[in-house]
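Keep in mind that what you see is a predicted model, and the values were worked out from it rather than measured. Reminder, nothing fancy here: chain letters follow the sequence lines and each chain counts from 1. Heavy-atom basis, side chains included; hydrogens, waters and symmetry copies ignored.
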2 protein chains.
Amino acid sequence: MSTIHDVARLAGVSIGTVSRVLSGNPATSPESRERVREAALQLGYTPNARAQSLRLARTGVIGLSISDVRNPFFADAAHGAEQEALAAGRVTMLANADEDSAIEARYLRAFRAQRVDGVLMSPQGGSAEGARSLVEAGIPVVLLNRTLDGVDAPVVTFDVRQGIEQAIMHLRDRGHRRIGLIAGPVSVSTGRARVSAFESIRDELGLDPAPELVQLADGRRGGGADAAERLLDLSPAPTAVLSSNALMSSGAFEAIRGRGAAVELVSFDDQDWMRLVDPPLSVIEQDAAHMGAVAMRLLLELIDGGSPRSVTLPTRLIPRG
Amino acid sequence: MSTIHDVARLAGVSIGTVSRVLSGNPATSPESRERVREAALQLGYTPNARAQSLRLARTGVIGLSISDVRNPFFADAAHGAEQEALAAGRVTMLANADEDSAIEARYLRAFRAQRVDGVLMSPQGGSAEGARSLVEAGIPVVLLNRTLDGVDAPVVTFDVRQGIEQAIMHLRDRGHRRIGLIAGPVSVSTGRARVSAFESIRDELGLDPAPELVQLADGRRGGGADAAERLLDLSPAPTAVLSSNALMSSGAFEAIRGRGAAVELVSFDDQDWMRLVDPPLSVIEQDAAHMGAVAMRLLLELIDGGSPRSVTLPTRLIPRG
DNA sequence: GGCGCACGTGGAAACGTTTCCGAGCGGGGA
DNA sequence: TCCCCGCTCGGAAACGTTTCCACGTGCGCC
């Protein structure tokens with residue numbers, strides 16, 4: 001790989017001049033510009049970004065740590081964030097924490113070692129240590145979708161209460177009185193928030209308050225199926241079930257259909273298949289890509305010295321079936 | 001952010017000693033080790049990976065460019081590759097090309113500027129320029145799922161012919177004689193390969209060779225729906241349709257159901273929803289995560305000075321409905 | 001016709017590491 | 001007692017950039 005010295009030698013100028021030409025510094029003669037451009041092209045020269053960022057303070061790279069690339073919700077969020085960064089001339093480095101805080105910690109250490117300009121992350125449950133140490137090291141951080149106790153960083157979340165309320169009122173209007181909840185892991189803030197919003201709205205509306213109607217699951221497909229089985233085992237079983245994410249909904253749907261049970265399922269997050277199955281699922285739509293884009297914009301502001309601010313996004317009920 | 005100089009000052013030793021202690025060089029006294037460790041901990045010191053990689057040749061970072069994070073096939077592949085890299089002590093930097101060769105080019109330039117140790121990529125159609133320039137710059141490259149004309153890099157692909165053959169024979173055994181194909185874009189090698197494999201196997205088995213039974217699409221959901229509509233408009237319409245990827249299958253499924261048509265749909269790539277819809281879809285399963293892992297192993301070998309080799313993976317038909 | 005000024009350039013420092021080289025110091029063997 | 005060796009360490013060079021500083025050149029102006 002050729003360096004700036006090679007270019008300088010070939011162009012017959014000093015490395016300072018090469019640097020000036022290539023970085024668009026006006027203090028260069030047309031002849032130098034021509035010769036340097038020519039030489040750089042001929043050698044296929046690409047400046048070493050690591051050396052650049054050593055000299056400059058910035059790296060132009062933004063770390064993006066998400067919970068699970070295979071979860072479409074997070075994949076969409078990552079995509080939205082990435083597009084926004086790209087538009088601002090930055091490059092993102094995506095890390096997949098795989099819902100595992102040990103892997104997350106590893107990537108966050110790498111981000112820190114790489115001296116990324118900022119980090120956008122949807123934190124894992126387990127430990128807030130990784131995020132906290134980033135914040136303490138002075139690296140701009142914005143949290144995605146989940147909050148973290150004791151970490152002083154802006155967050156972009158959806159209005160959980162609004163979403164749950166929309167869903168429960170929809171089900172109540174359709175005559176349901178006994179509604180089950182398949183909740184995500186309480187180790188993440190969204191999991192906890194959804195449980196408490198569910199309980200409080202259910203009680204406000206005077207629906208069946210039996211505690212066994214709230215079943216905790218791990219957020220994965222299998223966990224959703226198991227939780228659905230447990231709900232169906234109750235007597236009487238709930239006539240409607242609200243599921244906290246798309247993966248669990250898929251498991252729950254299969255369990256319910258396997259039993260031939262007549263239970264109405266409502267899911268968080270809209271996905272194509274929810275329209276394709278019979279009956280189609282009503283959903284609480286959360287625009288993940290938008291969330292990612294908003295969060296990235298916040299992070300870019302923060303990096304450019306702006307003040308931290310958090311945003312709560314609305315959800316939208318899409319009634320079906 | 002503290003540097004090695006800060007640690008050295010606090011520990012009362014030279015930076016050379018700090019470096020030796022922290023990199024596990026045995027030429028250090030127990031007292032130095034103790035003092036340095038203590039100081040590093042106290043300062044929350046993280047070595048600057050960019051400075052390290054400037055001095056060393058390696059960066060420990062592997063670039064991973066995939067076509068579309070939102071496509072579960074590629075998300076799985078990325079996940080498999082990432083796990084493999086993680087196990088080998090490397091960190092991956094994921095770039096989402098979004099099926100756009102301009103974005104891809106941008107990320108590949110960034111990879112090159114960052115001097116990543118190697119690049120694993122599922123190339124876009126359009127231009128092979130990006131991949132070629134990496135190879136010419138001497139950066140180890142392995143291609144994922146798609147080949148690229150004129151680029152001398154190992155590839156990991158699935159056995160297209162085998163997959164198509166399994167699907168067509170399955171359909172023939174179920175009595176179908178007029179089978180449609182929704183093909184991916186011919187700008188990518190898999191798109192082209194599937195069309196020619198389809199045509200040759202169809203002819204070998206003596207099935208209806210009408211050229212209008214092969215419909216090209218863009219690989220996206222909407223394109224799949226449109227192609228399905230065109231197939232259904234034929235008279236006679238095909239009684240079975242093979243779709244080249246999961247996104248297009250979802251569009252095609254909806255179109256077929258919307259028409260109330262009695263057409264058997266078989267899809268490449270297995271996804272959860274294909275089991276949930278009615279009727280469930282038979283699929284040609286391609287283990288994307290495994291592909292990613294295999295490709296990463298090949299890349300790691302290449303980085304460590306091994307010789308390049310390509311791998312073709314088998315597909316598996318899962319008959320349903 | 002000198003003086004100063006703008007402009008272009010080369011040289012060198014600095015960014016934060018790793019590693020080589022040489023030096024100091026102590027101990028053991030002749 | 002002296003020498004040599006091994007252990008530990010500090011100093012400095014090098015990696016590839018950017019940018020500051022100073023210097024030379026040519027021009028316009030008094």
Side-chain angles (χ1 to χ4, degrees), chain A residues 1-37 39-40 43-61 109-117 137-139, chain B residues 1-37 39-40 43-61 109-117 137-139:
Chain A
M1 270 240 152
S2 50
T3 74
I4 200 172
H5 290 96
D6 302 323
V7 178
R9 202 174 314 126
L10 184 60
V13 297
S14 74
I15 60 165
T17 300
V18 174
S19 175
R20 277 185 288 264
V21 168
L22 264 27
S23 64
N25 187 319
T28 50
S29 68
E31 305 93 282
S32 296
R33 282 199 281 275
E34 171 64 22
R35 300 175 61 96
V36 168
R37 296 247 165 75
L43 292 172
Y45 170 68
T46 309
N48 184 327
R50 311 182 88 90
Q52 283 181 321
S53 68
L54 191 59
R55 177 61 225 254
L56 308 168
R58 313 197 130 193
T59 63
V61 177
R109 261 199 304 276
F111 283 163
R112 199 167 153 192
Q114 298 289 337
R115 303 293 194 267
V116 295
D117 290 342
I139 298 175
Chain B
M1 270 241 149
S2 49
T3 73
I4 199 170
H5 289 96
D6 302 324
V7 178
R9 203 175 312 124
L10 185 60
V13 296
S14 74
I15 61 166
T17 300
V18 174
S19 176
R20 276 185 288 262
V21 168
L22 263 28
S23 64
N25 186 319
T28 51
S29 68
E31 305 91 281
S32 295
R33 282 197 282 274
E34 172 62 23
R35 298 175 63 98
V36 168
R37 295 247 164 75
L43 292 172
Y45 169 69
T46 309
N48 184 327
R50 311 183 88 89
Q52 283 181 321
S53 68
L54 192 59
R55 176 62 224 251
L56 308 169
R58 316 196 127 194
T59 63
V61 177
R109 262 198 304 276
F111 281 164
R112 197 165 155 196
Q114 298 288 338
R115 304 292 195 265
V116 295
D117 290 342
I139 298 175

- Query: Looking at residues at least two apart in the chain, or sitting in another chain, which of them share a side-chain contact (heavy atoms from CB on, under 4.5 Å) with A/L22?
  - Reply: A/V18, A/V36, A/Y45
- Query: Roughly, in whole Å, what's the span from CG in A/N25 to C1' in D/dT17?
  - Reply: 14 Å
- 5' to 3', nucleotides 8-15 of chain C under a 4.0 Å protein heavy-atom cut-off (B base, S sugar-phosphate only, - none) gives SBB--BBB
- What is the distance, rounded to the nearest whole Å, between atom CG of A/D6 and atom C1' of D/dT17? 13 Å
- Message: Tell me every residue that passes side-chain contact (heavy atoms from CB on, under 4.5 Å) with B/A39, counting only those two or more places apart in sequence or in another chain.
- Response: B/V7, B/L10, B/A11
- May I have the distance from A/R50 (atom CZ) to C/dT17 (atom C1'), rounded to whole angstrom? 12 Å
- Task: Rounded off to whole Å, could you give me the CG-to-C1' distance for the A/L22 and D/dT17 pair?
- Result: 11 Å
Which atom pairs, donor and acceptor, lie under 3.5 Å between side-chain atoms of residues 109-117 of chain B and protein residues at least two apart or in another chain?
from: B/R112; atom 1: NE; to: A/T46; atom 2: OG1; distance (Å): 3.3
from: B/R112; atom 1: NH2; to: A/G44; atom 2: O; distance (Å): 2.7
from: B/R112; atom 1: NH2; to: A/T46; atom 2: OG1; distance (Å): 3.4
from: B/Q114; atom 1: OE1; to: B/R50; atom 2: NH2; distance (Å): 2.8
from: B/R115; atom 1: NH1; to: A/T46; atom 2: O; distance (Å): 3.3
from: B/R115; atom 1: NH1; to: B/R112; atom 2: O; distance (Å): 2.9
from: B/R115; atom 1: NH2; to: A/T46; atom 2: O; distance (Å): 2.8
from: B/D117; atom 1: OD1; to: B/T59; atom 2: N; distance (Å): 2.9
from: B/D117; atom 1: OD1; to: B/T59; atom 2: OG1; distance (Å): 3.2
from: B/D117; atom 1: OD2; to: B/G60; atom 2: N; distance (Å): 2.7
from: B/D117; atom 1: OD2; to: B/R90; atom 2: NH1; distance (Å): 3.2

- Task: Just jot down the side-chain hydrogen bond (donor to acceptor under 3.5 Å, both in side chains) partners of A/S29, sequence neighbours excluded, or say none.
- Result: A/S32
- Spacing between A/M1 atom CE and D/dG16 atom P, to the nearest angstrom: 12 Å
- Note on the structure: B/R37 meets the salt bridge (Lys or Arg N to Asp or Glu O under 4.0 Å) criterion, sequence neighbours left out, with none
- Query: Could you state the CZ-P distance from B/R35 to D/dC9, rounded to the nearest angstrom?
  - Reply: 10 Å
- Task: Please name the pair of heavy atoms, one in A/T3 and one in A/D6, separated by the smallest distance, quoted to 0.1 Å.
- Result: N-OD2, 2.8 Å
- Task: Take atom CG of A/N48 and atom P of D/dT17, then tell me their distance rounded to the nearest Å.
- Result: 5 Å
